[in-house]
Novice: 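Mind looking over this structure? Questions follow.
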Amino acid sequence: MSSNSTVDSTLDEFGQYGDVSVKLSDDHVAIVEIHRPPNNFFDLELIDGLVAAFGDLDEEDGCRASVLCSEGKNFCAGAQFGSDGRRGGEITATNADGSPRHLYDAAFDLFSKQKPVVGAIQGAAVGGGLGVACFPDFRIAAPEARFTANFARLGFHHGFGLTVTLPMLVGNQQALDLLYTGRRVKGDEAVELGLADKLVPLDELRQAAYDFACEIAGSAPLAVESIRNTMRGHLADAIRVATDNEKAEQDRLRTTNDWREGVNAMNERRTPNFTRS
């Protein structure tokens, strides 16, 4: 592996998974990129694309680490909601055997993957998009990054396993702060809190994430995967338990007036007037 490797070094097309593309370099690093610019809103189809991409990379001996990044202004703005509170994309589907599949089933599958991932976070990682940003082992952020757990400002319960991942990164008290207030955290504060690991200029973000992944790829791959399993192997089961509760609470709160008011206020760019009803 070259010590001055760049993202533009030999990158071969590895696969296309809906709106997710994968390229693999001769440095044993994969670039997994979401293509729904500018906001990269997610739904079940997108997360299942990530599941399939990282699943194939787990089986690829030429991959030792990955970079997760997004095309466009924002890393992932979560789910898109209309004024009626409906999502802009499907979060449920039917498996080939006829069983139901939910977005959080895909979240469990995503956290079950085996190889290390470095996230490159530009712009907004909001709501469920923050949950996606907490999937990688590490986050490299630009100063313009905005991490936001805005669920309570929508009259809603957090999701995508943030019950587990957010306290793991920032501690329980800071997690409560972010979840209760829904405030925005920019890149520099994210590093201070532990929500991001490194801060680099926006025009260097992709390269910095790639360089870090190359450092990981320079270690013995079997050892890294073994260490990762020891340190993070419990996460998938914890995500399953957490998302079961998160989904139940989201379903309950979605019937409230405060949920409708929160979504309307967001779409109208005004302060919500919650009524506890």
Side-chain angles (χ1 to χ4, degrees), residues 7 11-25 29-60 62-82 86-137 139 159-162 165 205-206 209-210 213 235-236 239-240 243 246-247 250:
V7 179
L11 281 171
D12 295 324
E13 299 290 340
F14 181 82
Q16 188 75 32
Y17 305 82
D19 291 329
V20 176
S21 69
V22 180
K23 295 181 179 179
L24 185 59
S25 78
V29 172
I31 306 295
V32 180
E33 185 166 8
I34 299 171
H35 299 280
R36 288 189 177 178
N39 295 317
N40 295 298
F41 290 116
F42 76 2
D43 53 18
L44 176 58
E45 181 182 10
L46 181 69
I47 302 303
D48 267 341
L50 291 174
V51 170
F54 285 111
D56 283 354
L57 289 171
D58 274 354
E59 301 300 319
E60 171 55 53
C63 175
R64 299 180 182 179
S66 299
V67 172
L68 175 61
C69 54
S70 297
E71 177 188 1
K73 179 181 179 181
N74 296 312
F75 174 76
C76 180
Q80 185 173 23
F81 294 104
R86 295 185 178 181
R87 296 177 187 262
E90 295 295 330
I91 64 165
T92 60
T94 302
N95 291 313
D97 62 2
S99 61
R101 181 167 178 79
H102 187 273
L103 176 71
Y104 293 160
D105 295 319
F108 167 80
D109 290 341
L110 190 60
F111 278 92
S112 299
K113 301 313 171 191
Q114 301 169 9
K115 293 181 180 178
V117 180
V118 178
I121 314 298
Q122 86 285 7
V126 178
L130 176 60
V132 177
C134 288
F135 154 67
D137 304 57
R139 277 146 298 282
F160 213 87
L162 284 168
T165 56
L205 179 64
R206 190 76 63 94
Y210 182 82
L235 272 183
I239 293 292
R240 172 71 83 191
T243 53
E246 290 169 358
K247 178 182 181 298
Q250 288 181 338

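Keep in mind the model is a prediction, meaning the values are calculated, not measured.
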Novice: What are the two closest non-hydrogen atoms of R240 and D105, and how far apart are they?
Specialist: NH1-OD1, 2.9 Å
Novice: For a quick test of reading the model, state the closest non-hydrogen atom pair linking Y210 to I31 and the distance between them.
Specialist: CD1-CD1, 3.6 Å
Novice: Would you check if the side chain of D97 reaches a backbone N or O of S99 as a donor-acceptor pair within less than 3.5 Å?
Specialist: yes
Novice: Do the side chains of R101 and D48 get nearer than 4.5 Å, heavy atoms only?
Specialist: yes
Novice: Name the orientation class of the two ring planes belonging to F54 and F135 (parallel below 30°, tilted from 30 to 60°, perpendicular beyond 60°).
Specialist: perpendicular
Novice: Do any N or O atoms from the side chain of N40 and from the backbone of E71 form a donor-acceptor pair under 3.5 angstrom?
Specialist: yes
Novice: Would a 4.5 Å heavy-atom cut-off, applied to side chains only, mark K113 and V51 as touching?
Specialist: yes
Novice: Please check if the side chain of K115 supplies one atom and the backbone of C63 the other of a donor-acceptor pair under 3.5 Å.
Specialist: yes
Novice: Rounded to the nearest 0.5 Å, how far does NE2 of H35 lie from SG of C69?
Specialist: 7.5 Å
Novice: Looking at every heavy atom in both A124 and N74, which two are closest together, and how far apart are they?
Specialist: N-OD1, 2.9 Å
Novice: With a 3.5 Å distance limit and no angle check, can you tell me whether E246 reaches the backbone of G161 through a side-chain donor-acceptor pair?
Specialist: yes
Novice: Find out whether D43 and R36 are in side-chain contact, i.e. whether some heavy atom of one side chain is under 4.5 Å from a heavy atom of the other.
Specialist: yes
Novice: Measure the spacing between CG of D109 and CG of L50 and express it to the nearest 0.5 Å.
Specialist: 12.0 Å
Novice: To the closest 0.5 Å, what do you measure between CG (L130) and CG (L162)?
Specialist: 5.0 Å
Novice: Quick check: closest heavy atoms across G49 and Y17, and the distance to 0.1 Å?
Specialist: O-CB, 3.6 Å
Novice: Mind checking whether I34 and D19 have side chains closer than 4.5 Å, heavy atoms only?
Specialist: no
Novice: Does the side chain of I239 reach to within under 4.5 Å of the side chain of T165, using non-hydrogen atoms?
Specialist: yes
Novice: Is the closest side-chain heavy-atom distance between E33 and R206 below 4.5 Å?
Specialist: yes
Novice: Can you say whether the rings of F160 and F42 are parallel (under 30°), tilted (30 to 60°) or perpendicular (over 60°)?
Specialist: tilted
Novice: Distance check, rounded to the nearest 0.5 Å: S70 atom OG versus I121 atom CD1?
Specialist: 7.5 Å
Novice: Do I47 and V132 touch side chain to side chain, with heavy atoms closer than 4.5 Å?
Specialist: yes
Novice: Can you find a pair of side-chain heavy atoms, one from V32 and one from L57, that are under 4.5 Å apart?
Specialist: yes
Novice: Where do A125 and F75 come nearest, in terms of heavy atoms and distance?
Specialist: CB-CD2, 4.2 Å
Novice: Report the C-alpha distance between H102 and I91 in whole Å, list the side-chain angles of each, state the deciding distance to 0.1 Å, and finish with yes or no for side chain to side chain contact (heavy atoms under 4.5 Å, CB included).
Specialist: CA-CA 6 Å; H102 187 273; I91 64 165; 3.6 Å; yes
Novice: Can you give me the closest heavy-atom contact between L24 and G62, atom names plus distance?
Specialist: CD1-O, 3.9 Å
